[in-house]
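Right, one structure below, let's go through it.
Numbers restart at 1 for each chain; the letters A, B, ... are given by sequence-line order, proteins then strands.
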Protein chains: 2
Amino acid sequence: MENKTQYAILGILSIASGSGYDIKKYCDTVISNIWNENFGHIYPVLNAMLREGLIDRKDDNVATRKKEYAITDKGKEVFLNWLVEPTQYKPVRSEFMLKFLFSSNLPKEGIIKVLNDYKKRHELKLEEFRKMEKYINQEKKEILPEREIYLGATLRYGILSSEAVIMWCDEVIHTFESLTS
Amino acid sequence: MENKTQYAILGILSIASGSGYDIKKYCDTVISNIWNENFGHIYPVLNAMLREGLIDRKDDNVATRKKEYAITDKGKEVFLNWLVEPTQYKPVRSEFMLKFLFSSNLPKEGIIKVLNDYKKRHELKLEEFRKMEKYINQEKKEILPEREIYLGATLRYGILSSEAVIMWCDEVIHTFESLTS
DNA sequence: CCTATCATGTAATCCGTTACATGATTCA
DNA sequence: TGAATCATGTAACGGATTACATGATAGG
C-alpha cells in the first residue's frame with residue numbers, strides 16, 4: 001500500500017520548510033478538502049524520513065522548541081518519482097451511502113431528515129470553500145502565482161463535488177416526499 | 001473506528017441469506033460504487049459474527065461447499081442500532097488531488113494528459129453505472145419494489161458524482177490549455 | 001490567572017490489504 | 001485439457017487512528 005503520509009509531507013515541505021505542527025496546520029486549513037494527517041502519524045514518519053535522508057533539520061528555534069524540516073535533494077527525487085507514477089485508486093467506502101442503501105425499513109420521515117442533514121453538511125462545506133478561497137487570496141506568502149492555479153483548482157473540485165451531493169440530496173428528498181404524500 | 005465490515009455484511013444478509021462469496025459478489029457488482037470488501041476480511045469477520053450470534057448457519061450446501069449465513073434477531077438489533085446512529089465521516093484522502101496539487105513543477109502537457117486520463121476514467125464509470133441500472137432492472141429477484149428506489153438512488157449518486165468530476169476536468173483542462181497557448 | 005494555542009512525542013490497537021494456499025466445478 | 005469461476009480460508013504486514021503524556025507561551 002505504501003505510506004502516503006511521507007509524500008504529503010514531502011509535497012508540503014517542497015513549498016516551504018516547516019515543523020510537524022506546521023504540516024498538520026497546512027493539512028487542516030489549506031488542503032483539508034483533499035487530505036488529512038494526524039500528529040500521531042506525522043511525528044514518527046518525520047523521524048523515519050530524517051533517518052532516510054529525505055528531509056533534514058534546519059537550525060531549530062530554541063525559543064519555541066519548534067523543529068524546522070526541509071526537503072533534501074534525495075527527498076525531491078523520491079517525491080518526483082511518486083508524482084509521475086500513476087495514481088493508485090483505493091475502492092470507495094461510504095458509510096453514509098451504505099446506511100442509506102439499507103434504510104428501507106426505517107420510517108420515510110427519518111430518512112428525509114437524514115438526507116436534509118447531509119445536505120446541510122455539504123452546504124456548510126461549500127461555505128468553507130468560499131472562506132478558503134478568501135484565505136488563499138489574502139495569504140500572499142504561500143501563494144506563488146504559479147501555485148495559485150493548483151490551489152484554486154482543488155477548491156473548485158470541492159465546490160463541484162459538494163454541489164453534486166446537494167443536487168443528489170434534493171433529487172432524493174423530492175422522490176421521498178412525493179412517495180409519502 | 002469500529003469494524004464497518006460487519007455492518008455491511010449484516011445489511012447484505014438482511015436482504016438475502018448467502019455465503020461469504022455471495023457477499024463479496026454483491027459488493028463487487030451491485031454496490032461497488034459505494035462499498036467494497038476483501039475475502040481476507042469477510043471470512044474472519046463472518047466467523048467472529050457467528051461466535052457473537054449476529055448470524056447463524058443454514059444447512060450448508062454439501063455439493064458446492066457453500067456456507068449459507070443468515071442474520072439473527074440479535075444481528076438485526078445490532079444492525080438497526082448502527083443504522084439510526086449518526087454517520088461517522090472519515091476525513092478525505094485523495095491521492096489524485098494530492099498529486100495534482102503539487103504538480104506545479106511538471107510540464108503542463110503532462111498534467112493535461114493526466115487530467116484527460118482521469119476524465120476518461122470517470123466516463124467509463126458513468127458507463128458502468130448505466131450497465132448497473134440495466135442489471136438491477138433485469139434481476140427481479142433482488143429488487144423488491146421498495147428496495148429499488150434505494151439502489152437507484154445510490155446509482156444516481158455515482159452518476160452525479162462522476163459528472164461533477166468530469167465537469168471539473170473539463171474546466172481545469174481548459175484553464176491549462178489557455179495557459180500554454 | 002487561566003484558557004487556548006503552540007509544540008512534540010509514545011503506545012496500543014486495529015482495520016483492511018495482500019499474499020499465500022487449496023481444491024472443486026463448469027464450460028469451451 | 002485447460003482456463004475461468006466458484007468457494008473458503010490463514011498469515012503477515014502496515015498504515016492510520018486514538019488515547020495518553022508533557023510542557024511552554026500568549027492573550028484576554
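- C:dT8 atom C1' lies 11 Å from atom CZ of A:R57, rounded to whole Å.
- Rounded to a whole Å, the CD atom of B:E95 is 13 Å from the P atom of D:dG15.
- Closest contact between the side chain of B:K67 and the listed nucleotides D:dT8, C:dT17, C:dC6 involves D:dT8.
- Side-chain atoms of A:K67 never come within 3.5 Å of backbone atoms of A:G18 as a donor-acceptor pair (strictly under, hydrogens ignored).
- Among D:dA16, C:dT10, C:dG16, the nucleotide with an atom closest to any side-chain atom of B:N38 is C:dG16.
- An OP1 or OP2 oxygen of C:dG16 is reached within less than 4.0 angstrom by a side-chain nitrogen or oxygen of A:R93.
- B:Y7 comes within 4.0 angstrom of no nucleic acid atom, judged by non-hydrogen atoms across all strands.
- Mapping B:G40 and B:P91 onto DNA chain D by nearest heavy atom places B:G40 at the nucleotide closer to the 5' end.
- Between B:Y150 and A:F100, the distance from one ring center to the other falls under 6.0 angstrom.
- Of the candidate nucleotides C:dG23, C:dT10, D:dT8, C:dG23 has the atom nearest to the side chain of B:R65.
- For the pair B:K24 and B:F39, the distance from NZ or CZ to the six-membered ring centre is under 6.0 Å and the angle to the ring normal is within 45 degrees.
- With rounding to whole Å, A:D28 atom CG is found 14 Å from C:dA7 atom P.
- Atom P of nucleotide D:dA16 and atom OH of B:Y89 are separated by 23 Å, given to the nearest angstrom.
- OP1 or OP2 of D:dA16 has at least one side-chain nitrogen or oxygen of A:N3 nearer than 4.0 Å.
- With D:dT8, C:dT10, C:dA7 as the choices, the nucleotide that has an atom nearest any side-chain atom of A:D22 turns out to be C:dA7.
- Distance A:F39 CZ to C:dA11 C1': 18 Å, rounded to the nearest Å.
- Regarding B:K66, its NZ atom lies at a distance of 15 Å from the P atom of C:dT25, rounded to whole Å.
- If B:L46 and A:E37 are placed on DNA chain D by their nearest nucleotide, the residue sitting closer to the 5' end is B:L46.
- Closest to the A:K4 side chain, of the nucleotides C:dG9, D:dA16, D:dT8, is D:dA16.
- Taking 4.0 angstrom as the limit, A:N36 places a side-chain polar atom (N or O) nearer than this to OP1 or OP2 of D:dT17.
- Atom pair A:Y43:OH and D:dT22:C1' shows a separation of 13 Å (rounding to whole Å applied).
- Backbone-only engagement by B:G20 is indicated by non-hydrogen atom pairs under 4.0 Å involving sugar-phosphate atoms exclusively.
- The existence of a salt bridge linking B:K99 and B:E95 is confirmed by a sub-4.0 Å separation between a basic side-chain nitrogen and an acidic carboxylate oxygen.
- Atom CD in A:Q88 sits about 12 Å away from atom C1' in C:dT18, given to the nearest Å.
- The side chain of B:T5 lies closest to C:dG16 when the candidates are C:dG16, C:dG23, C:dA7.
- Set against C:dC15, D:dG9, C:dG9, the side chain of A:Y69 has C:dG9 as its closest nucleotide.
- One finds no side-chain N or O of B:Y21 lying less than 4.0 angstrom from the OP1 or OP2 phosphate oxygen of D:dT8.
- Geometrically, A:R121 engages B:Y89 in a cation-pi contact, judged by NZ or CZ lying under 6.0 Å from the ring centre and within 45° of the ring axis.
- In this pair, B:W168 and B:Y118 present their aromatic rings perpendicular. The plane angle is above 60°, beyond the 30 to 60° band.
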